[in-house]
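Fair warning: this is a prediction, and the values are worked out from it, not measured in the lab.
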Amino acid sequence: MKQLICFKDVEAAKQSGKNVMTVEAKAIITPAAQDAARTYGIEIQRSAMTQIGDLSGPLKLSEDGINAELIFALLKILAGKGLLSAFEPKEYESEKTLSGLKIVRGNTVKYRPFDTGSPSDKVFCREFINKEDGSTMRGGFITLEDSRFDWEGACEEIFYILEGILNIFVDGSAYAAQPGDTVFLPKGAKAVFRSEKMTKIFYTAC
């Protein structure tokens, strides 16, 4: 099971006065943890950045001299560190009232890579509800395609399937969540998520 870095881990690092967090090379860093690290000015370092080369097969250049797989791996690492924020388009369009009501225009949401620890995974996310909105919950979208990765509930989480099929392996059994289905994952539960075709999910967590 890969190490999971969540929002509370980054908060703990901040409270202890750390500016750098060192995690396992293939650790999964949640979107909330990435956002918190940027907000607190904490750098998340993987214990072996040479994992860029730990891809399936040798890193061969194509005929035009471009290694697309390596470039993609580098971009995911830079995005995870928040170093591409200056080049990112507006995250999403929303409307917010003085009373705190917020409407997020779902079709305007721009995604960023979600680091599962494997450069071959095609997983993207965008969190758009969090404590900055005065909320005790977090919420956003996740998309995944042709991907399989370990997941451990850092807190209680709910996933609502919007498109595609999310295959879930837990307690030795396999389940398929389809559009309209809702999945509840208790804190500490360990599962494997897999998708073959494009799958879009709305999630909310504590």
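Within the model, atoms OG1 of T30 and CZ of F7 stand 9.5 Å from one another, a figure rounded to the nearest 0.5 Å. Residue L4 holds its CG atom at 10.0 Å from CG of D150, rounded to the nearest 0.5 Å.
You'll find the side chain of L185 stays beyond 4.5 Å of the side chain of I168, heavy atoms only. Side-chain atoms of F128 and V109, non-hydrogen and from C-beta on, do get closer than 4.5 Å to each other.
For E24 and R46, the salt-bridge test fails: no basic side-chain N is under 4.0 Å from an acidic carboxylate O. Here K190 does not pair with D171 in a salt bridge; the nearest charged N to carboxylate O distance is not below 4.0 Å. The residues K197 and E163 are annotated as not salt-bridged, no charged nitrogen and carboxylate oxygen being separated by less than 4.0 angstrom.
Here Y175 and F169 keep their ring centres 6.0 angstrom or further from each other. Between F193 and F159, the ring center distance clears the sub-6.0 Å criterion.
Side chain of T204 to backbone of R138: a donor-acceptor contact under 3.5 angstrom is found. Although no hydrogens or angles enter the test, the distance criterion places a donor-acceptor pair under 3.5 Å between the side chain of S147 and the main chain of K122. Under a 3.5 Å cut-off, the side chain of T108 and the backbone N or O of E93 do form a donor-acceptor pair.
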Intermediate values then yes/no, salt bridge (charged side-chain N to carboxylate O under 4.0 Å, His left out), D35 and K131: CA-CA 11 Å; D35 289 338; K131 66 178 183 178; over 6 Å; no
Residue pair M21, V10: steps toward the side-chain contact (heavy atoms from CB on, under 4.5 Å) verdict: CA-CA 8 Å; M21 286 181 63; V10 179; 4.0 Å; yes
Salt bridge (charged side-chain N to carboxylate O under 4.0 Å, His left out) between E157 and K187, intermediate numbers included: CA-CA 7 Å; E157 299 170 312; K187 180 179 179 180; over 6 Å; no
Derivation of the side-chain contact (heavy atoms from CB on, under 4.5 Å) call for T143 and Y111: CA-CA 9 Å; T143 67; Y111 297 85; 3.8 Å; yes
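The neighbour count for K18 NZ, taken as heavy atoms of other residues, nucleotides or ligands under 6.0 Å away, does not exceed 12.
The heavy-atom pair separating Q178 from I161 by the smallest distance is O-CB, 3.3 Å. Across all their heavy atoms, G139 and E127 have their closest contact at O-CG, 3.4 Å. For G164 against P179, the heavy-atom pair with the smallest separation is O-CD, 3.0 Å.
Remark: the S118 side chain and the T116 side chain contain no N/O donor-acceptor pair separated by less than 3.5 Å.
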